[in-house]
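A quick write-up on the structure given underneath.
Throughout, a chain's letter reflects where its sequence line sits, starting with A, and its residues are numbered from 1.
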Protein chains: 2
Amino acid sequence: MGSDNTKEKIVQAAQLVFIRKGMDGARMQEIADEAGINKALLHYYFHSKQQLFNEVFYGVLSRLIPSLLEIFKLEEPFSDKIEAVVREYDSFMSKNPFLPQFIINEINRDPEQLSRFMSDQGLNFSKIEERINGEVSAGNIRSITFPHLFANLIGMVVMPYIGRPLFQRKLFNNDSAKYDQFLQERRAVITRFIQQAILTK
Amino acid sequence: MGSDNTKEKIVQAAQLVFIRKGMDGARMQEIADEAGINKALLHYYFHSKQQLFNEVFYGVLSRLIPSLLEIFKLEEPFSDKIEAVVREYDSFMSKNPFLPQFIINEINRDPEQLSRFMSDQGLNFSKIEERINGEVSAGNIRSITFPHLFANLIGMVVMPYIGRPLFQRKLFNNDSAKYDQFLQERRAVITRFIQQAILTK
DNA sequence: AACAATATTAACCATTTAGTTAAACCAAAT
DNA sequence: ATTTGGTTTAACTAAATGGTTAATATTGTT
């Protein structure tokens with residue numbers, strides 16, 4: 001084959017450009033340049049911009065979901081589960097730092113499709129919701145509903161990635177290394193924060 | 001005057017379309033339609049898309065910042081301050097539910113300009129950072145650095161707005177009224193969550 | 001080597017889109 | 001009523017952009 005990795009190079013380039021510019025702002029030409037190839041070759045591998053976007057986006061997403069599903073199944077003590085969820089979520093984010101912004105855009109662009117995709121992948125929250133409610137009834141955690149807990153968790157994990165260009169400037173004098181360290185610390189900080197907030201000791 | 005409110009109608013329409021589609025996805029024609037006017041009239045009031053976007057975006061933003069500055073000045077007990085910040089931030093969000101998405105986009109599109117604007121408006125965090133550190137030293141709150149606390153707070157407040165199209169579907173059967181109620185509850189929930197997490201009682 | 005299949009390119013096309021222009025409209029002032 | 005100012009419109013333009021085509025190159029197969 002001419003090159004098996006051309007397709008991969010395109011996907012890499014597309015990730016870069018899509019996250020930098022968003023689906024609409026991204027230009028096929030820019031993706032081609034970034035990948036070091038001709039624009040027509042893009043359409044050889046992915047016949048439309050929409051298809052390229054979908055393959056990139058849902059490709060990455062489908063790698064996140066299984067690991068989350070796995071965690072929700074575990075039957076550890078609840079305090080450990082908090083740690084596991086934060087760890088898994090955050091570790092994925094640090095490997096795919098562009099993903100949150102990606103998802104946010106897609107949430108607004110085509111929420112229906114995204115929602116359907118998640119359902120198709122078997123991701124639904126009713127089990128976890130029951131578990132949380134159970135823990136509350138049992139008095140193991142302070143009274144909180146699942147949606148609130150979920151929004152809190154996701155918000156805390158995701159915000160530093162979404163807001164990085166601004167936060168790094170405003171809070172760390174645009175020092176990239178310091179920000180990386182900040183991101184590393186967050187896993188422990190968030191876990192402790194949630195535990196202190198909801199665990200009845 | 002032909003109409004003093006034409007400009008206002010345009011701004012309203014632009015907010016709507018920009019948030020729905022983002023700066024790049026938005027079409028001047030769509031904004032014109034939404035405002036019930038001719039496309040040329042847009043360029044009569046705002047000579048370019050970029051200018052329209054900036055006026056809309058920074059217009060809204062400049063209304064948020066002063067109220068936040070005000071709060072940071074207050075010298076109440078810390079627990080009340082938490083409540084005040086959450087209240088002010090959240091109340092602004094509920095009046096401008098499109099703002100978070102707006103800011104997120106801008107953070108990626110032109111972080112430098114955004115950062116400069118915030119500085120120009122007198123928004124800087126060193127004072128608050130000192131205050132937080134002081135409270136930690138004094139033993140009033142558990143050990144946490146300002147950036148972490150800040151990211152936690154913003155994340156929790158903002159996430160339900162950013163994620164609404166998805167969250168509403170997945171967590172509330174796409175019931176809009178229920179989601180509105182959820183948003184209303186969050187102010188109290190977040191305040192309590194933070195207090196329990198960091199206040200040494 | 002010859003052939004076939006896949007990969008890659010340069011040039012081109014059709015459409016969309018931000019922005020312009022020149023004319024019409026309308027309200028108030030003279 | 002006419003002039004004058006801002007306002008609004010329909011029609012137009014130039015540039016950008018996603019996508020196509022047809023020809024060329026490369027690789028694998030017999």
Between [X] ([atom1]) and [N] ([atom2]), how many Å, whole number?
X	N	atom1	atom2	answer
M23(A)	dT17(D)	CE	P	14 Å
K9(B)	dT7(D)	NZ	C1'	12 Å
Y45(A)	dG18(D)	OH	C1'	20 Å
L42(A)	dT20(D)	CG	P	13 Å
D24(B)	dT17(D)	CG	C1'	13 Å
K7(B)	dT8(D)	NZ	C1'	16 Å
K21(A)	dT17(D)	NZ	C1'	14 Å
Y44(A)	dT26(D)	OH	P	15 Å

- Query: Regarding N54(A) and Q50(A), is there a side-chain donor-to-acceptor distance under 3.5 Å anywhere?
  - Reply: yes

- side-chain hydrogen bond (donor to acceptor under 3.5 Å, both in side chains) filter on S119(B), not counting sequence neighbours, yields K170(A)

- Who pairs with E55(A) by side-chain hydrogen bond (donor to acceptor under 3.5 Å, both in side chains), at least two apart in sequence or on another chain? Q51(A)

Checking [X] now: which residues fulfil salt bridge (Lys or Arg N to Asp or Glu O under 4.0 Å) with it, not counting sequence neighbours?
X	answer
D33(A)	none
D90(B)	R187(B)
D175(A)	K178(A)

- Note on the structure: Taken in chain and number order and not counting sequence neighbours, the residues that satisfy side chain to side chain contact (heavy atoms under 4.5 Å, CB included) with K21(A) are V17(A), A26(A), E30(A)

- Message: Considering every strand and a 4.0 Å limit on heavy-atom distances, what is the contact class for A32(B): base, sugar-phosphate, or nothing?
- Response: nothing

- Query: When the nearest nucleotide of DNA chain C is assigned to Q29(B) and to G36(A) on a heavy-atom basis, which residue is associated with the more 5' position?
  - Reply: G36(A)

- Task: Establish, yes or no, whether a centroid distance under 6.0 Å links the rings of F167(A) and Y179(A).
- Result: no

- Is the phosphate of dG18(D), meaning OP1 or OP2, less than 4.0 Å from a side-chain N or O of R27(A)? yes

- Going by the salt bridge (Lys or Arg N to Asp or Glu O under 4.0 Å) test, which pairs reach into residues 38-50 of chain A, not counting sequence neighbours? none

- State which of dA18(C), dT9(C), dT8(D) makes the closest approach to the side chain of L41(B). dT8(D)

- Given axes from five pairs at either end, by how many degrees does the helix from dA1(C)-dT30(D) to dT30(C)-dA1(D) bend, rounded to 10°? 0°

- Letter by letter from the 5' end, nucleotides 19-25 of chain C scores (B base, S sugar-phosphate only, - none; protein heavy atoms under 4.0 Å) BBB----

